[in-house]
Amino acid sequence: MNVFGRFRGHVVAVIERMAEDGAIPSGLDLARVAVEPPRDANHGDMTTNAAMVLAGPAAMKPNAFASLLAERLARLDDVADASVAGPGFVNLRLEDSFWHARLAETLQSGPAYGDSSVGGGEAVNVEFVSANPTGPLHVGHSRGAVVGDALAALLEKAGYDVTREYYVNDAGAQVDKLAHAAYWRYLEALGDKVSEDVIDGFVRDSDLEYRGDYLIPVGARLAERDGVKWVEAARDEWLPEVRAFVIDEMMGLIRRDLDALGIRFDVFTSERGLVAEGKVEDALRFLEARGLIYTGVLDPPKGKKPDDWEPRPQTLFRASAFGDDVDRPLRKSDGAWTYFATDIAYHLDKARRGYQTMIDVWGADHGGYVKRMQAAVKALTDGRCALDVKLCQMVGLFENGEPVAMSKRAGAFVAAADVVERVGRDAVRFIMLTRRNDAHLDFDFAKVTERSRDNPVFYVQYAHARVRSLFRHAAEVFGSGGLDADALARAAMHRLTDADEVGLIKVLAGWPRVVEGAAEAHEPHRVAYYLHALAAQFHALWNKGTDDANLRFLVEEDPELSRARLALAQGVATVVASGLRIFGVTPVEEMR
RNA sequence: GCGCCCGUAGCUCAACCGGAUAGAGCACGAGCCUUCUAAGCUUGUGGUUGCAGGUUCGAGUCCUGCCGGGCGCGCCA
């Protein structure tokens, strides 16, 4: 429970008491009563809209209601002042002692500070990356990877039971094309044992989409394992074998890329597996039994009729009954399932595994797919399960302000592993989280490693390193005893009287609310903004010591005060580390 | 043509299920190093929240219509 939730309880209790006393009508609906930080800190520490939302139903003027409420709130423990402002806000200013106690709590909780139970143990499935197993991850994938992983960690901290899942698209035509390319590399790898003519013939007769070098070692390994076994074999024979082999290899590559980013999955679900187990038929039977599948002819898209358009009867899902624009095809003309059909089966599978909330992280180019998938989930679960789709916009790569060419057509995409190697895992992860997922993100190689204030990674890390440096210094001055968090939790917090010291504690006290808000909104970027603001406040306080020696963290002749300030610094380090942990970024001990 | 996302300070972006005087950083102006890390800090200038309506005590936020940008648009994944 964050401090605002705690005070909301107090405010509600006071309002109920007012009703008992007959000061206001009883039976008011208090659901809309909120206790929040005011936008402007000058208004106080907390504000409530109670008078504004209740005045109407109570047939009172907001300001009259607010005055009554403020009068009673002022009598609460910890409340230094309660006043009415603006259209009927009641602002609370709390005693410093209240905030001092929060700092002690922070230190006692340590890394668990900010943990919340709002999730109530609810099972949430976060599916992300899910890149086709046709090659290494590129930089675009890494954004989705980081966003999904951080969102999962955030939800865990907020008390959800999270599964990180990767959906392996190993059943479509793409992996057959991949297998052909791997077979070509296999023939090449056999060298003298296969004539140039055979290879040339194969290349001529096949549509080789994947010509990247990364398949060369795959072909070599296949040749090593199976020798010439598949050279004379019919396509029907070698295709399943080579396909399985190359998918394995590609998933190995992808796992290595994910490792480099520090990302682990709990579950890999195979599309081919779903199909083989008959889950597509299951799902479609389910929809059919509800009359949601029919054979029909779709209208061409308005204003953009494809040249080869011809009306054609198709097996369709009644997506339009669940909010989609048109009904959607389930079967291709060759009889195979569409991607959508297997995706329906996959989402039904997730729902049946007990996830009431599913989150899919996709690239922005899949935006047109969101409505139909949500329609399908609605239909499959009778509206009981929610599907939230986070669309990640493109990442623009820059080198000192110059765009890095990255056209997919030219095959010049930048590998995720290369970016990690260039700037490090921590920088990649943090920067990818400094924007809302649906906003474009510019990633400049030079900037993300720059040691300056406009590099948020550096700025936040520096705050943590500064605290660690401070403790190293403190150990020299005061000895290392009594500097652990438990001991500091008992420090004389009442010595922290400067407005900026108390102000910094207030920022720390806001952390649990940030966790809850960001988790419920599925918006990990809020953590990045919070950490940046926290670092700024800390650096500001630190620097006040430059102007006024009395405000330095370490005052040699006053160990009691020093220990209180060390407690404050430790609180900052704890929260920064806590936030960075959600991001999968390692807090540093010193800047190098 | 239709759908989705976006439009906030010169630039890059925040604004917590509708809250008070819309905030940060960069850039620009003015200060701060015999002092715990100045790789930094303080402070100032800067806004018709794309436009026009609507909803209400209150709108950047919700609704409608325009304008501009991005993505997508029957069997690809």
Side-chain angles (χ1 to χ4, degrees), chain A residues 4 34 36-40 42-43 47 49 52-53 55-56 61-62 85-89 91 131-132 134 169 171-175 271 297-306 309-312 314 316 324-340 343 363-371 391 393-394 434-436 438-442 450-456 458-459 462 465-466 469-470 472-474 476-477 510 513-514 516-518 520-521 523 525-526 528-530 532-533 536 539-547 549 552-556 590-591:
Chain A
F4 299 94
E36 300 175 314
R39 279 220 173 146
D40 185 341
N42 291 325
H43 292 135
T47 187
N49 62 353
M52 288 180 290
V53 298
K61 287 185 174 167
F89 289 102
N91 294 328
N132 291 342
T134 51
N169 294 121
Q174 292 304 311
V175 287
E271 179 188 6
V297 179
L298 289 175
D299 293 330
K302 292 187 179 71
K304 196 223 167 207
K305 188 167 176 174
W309 180 274
E310 49 185 83
R312 170 184 320 129
Q314 289 176 292
L316 300 170
D324 200 1
D325 307 315
V326 293
D327 296 337
R328 303 291 181 178
L330 299 169
R331 217 185 255 283
K332 303 188 217 171
S333 50
D334 67 358
W337 302 120
T338 59
Y339 182 80
F340 182 47
D343 237 358
D365 53 340
H366 290 63
Y369 205 73
V370 175
K371 273 193 187 178
L391 293 178
Q393 274 294 347
M394 308 267 132
T434 53
R435 292 280 178 271
R436 301 170 42 149
D438 51 11
H440 276 275
L441 173 76
D442 285 342
E450 189 176 285
R451 308 178 142 215
S452 78
R453 162 156 209 168
D454 54 324
N455 177 3
F458 173 82
Y459 193 66
Y462 187 37
R466 233 175 190 172
S469 159
L470 181 63
R472 287 191 292 272
H473 198 83
E476 285 170 25
V477 177
R513 188 169 189 274
V514 171
E516 291 174 0
E520 289 183 322
E523 291 185 349
H525 76 275
R526 290 191 198 176
Y529 278 91
Y530 170 81
H532 194 269
H539 289 312
L541 179 59
W542 178 283
N543 235 60
K544 275 183 93 175
T546 326
D547 298 332
R552 295 197 189 174
F553 279 83
L554 299 184
V555 183
E556 272 190 56
E590 54 186 328
M591 305 307 293

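To find a chain, count down the sequence lines: A is the first, B the second, and so on, and within it residues start at 1.
- Out of B:G72, B:A77, B:G19, the shortest distance to the side chain of A:A173 is found at B:A77.
- Within 4.0 Å (heavy atoms only), A:H366 reaches at least one base atom of the nucleic acid.
- The side-chain tip of A:R328 does not point at the ring of A:F340 from less than 6.0 angstrom away and within 45° of straight on.
- Distances from the side chain of A:Y369 to the nucleotides B:G72, B:A77, B:G19 place B:A77 closest.
- Aromatic stacking is not marked for A:H532 over B:A24, as the cut-offs of 5.5 Å for the centres and 30° for the planes do not both hold.
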For nucleotides 28-38 of chain B, print each protein N/O atom paired with a nucleotide N/O atom at under 3.5 Å, atom names and distance only.
{"from": "B:U35", "atom 1": "O2'", "to": "A:R552", "atom 2": "NH1", "distance (Å)": "2.7"}
{"from": "B:U35", "atom 1": "O2'", "to": "A:R552", "atom 2": "NH2", "distance (Å)": "2.7"}
{"from": "B:U35", "atom 1": "O2", "to": "A:T546", "atom 2": "O", "distance (Å)": "3.4"}
{"from": "B:U35", "atom 1": "O2", "to": "A:R552", "atom 2": "NH2", "distance (Å)": "2.3"}
{"from": "B:U35", "atom 1": "N3", "to": "A:T546", "atom 2": "O", "distance (Å)": "2.9"}
{"from": "B:C36", "atom 1": "O2'", "to": "A:H473", "atom 2": "ND1", "distance (Å)": "3.4"}
{"from": "B:C36", "atom 1": "N4", "to": "A:W542", "atom 2": "O", "distance (Å)": "2.7"}
{"from": "B:U37", "atom 1": "OP1", "to": "A:S469", "atom 2": "OG", "distance (Å)": "3.4"}
{"from": "B:U37", "atom 1": "O2'", "to": "A:Y462", "atom 2": "OH", "distance (Å)": "2.5"}
{"from": "B:U37", "atom 1": "O2'", "to": "A:R466", "atom 2": "NH2", "distance (Å)": "3.1"}
{"from": "B:A38", "atom 1": "OP2", "to": "A:R466", "atom 2": "NH2", "distance (Å)": "3.0"}

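- Below the 3.5 angstrom threshold, one finds a donor paired with an acceptor across the side chain of A:N91 and the base of B:A20.
- For the atom pair A:K371 NZ and A:D324 CG, the distance stands at 6.5 Å (nearest 0.5 Å).
- Closest contact between the side chain of A:R513 and the listed nucleotides B:G40, B:C16, B:C75 involves B:C16.
- Scanning atom types as modelled, one donor and one acceptor separated by under 3.5 angstrom connect the side chain of A:T47 and the base of B:A20.
- Taking the side chain of A:A540 as heavy atoms from C-beta on, and the options B:C41, B:A77, B:G74, the nearest nucleotide is B:C41.
- To the nearest angstrom, P of B:G18 lies 10 Å from CD of A:E36.
- Backbone-only contact: A:P329 has heavy atoms under 4.0 Å from sugar-phosphate atoms and none from a base.
- Contact annotation: A:K332 reaches the phosphate of B:A77 (side-chain N/O to OP1 or OP2, under 4.0 Å).
- Contact check, A:Y339 against B:G74: no side-chain N or O comes under 4.0 Å of OP1 or OP2.
- Looking at RNA chain B, the stems built from 3 or more consecutive Watson-Crick or G-U wobble pairs, each pair with its key distances under 3.5 Å, are B:1-7 with B:67-73, B:10-13 with B:23-26, B:28-32 with B:40-44, B:50-54 with B:62-66.
- When the nucleotides B:C76, B:G1, B:G40 are ranked by their closest atom to the side chain of A:H539, B:G40 comes out on top.
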Using a cutoff of under 3.5 Å, can you pull out all pairs of nitrogen or oxygen atoms linking the protein to nucleotides 8-13 of chain B, with atom names and distances?
{"from": "B:U12", "atom 1": "O2'", "to": "A:R435", "atom 2": "NH2", "distance (Å)": "2.6"}
{"from": "B:C13", "atom 1": "OP1", "to": "A:H440", "atom 2": "O", "distance (Å)": "3.3"}
{"from": "B:C13", "atom 1": "O5'", "to": "A:R435", "atom 2": "NE", "distance (Å)": "3.4"}
{"from": "B:C13", "atom 1": "O2'", "to": "A:Y529", "atom 2": "OH", "distance (Å)": "2.1"}

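- When heavy atoms are screened at a 4.0 angstrom cut-off, A:P37 is found touching base atoms of the nucleic acid.
- No engagement by A:E271 is indicated, since no non-hydrogen atom pair under 4.0 Å with the nucleic acid exists.
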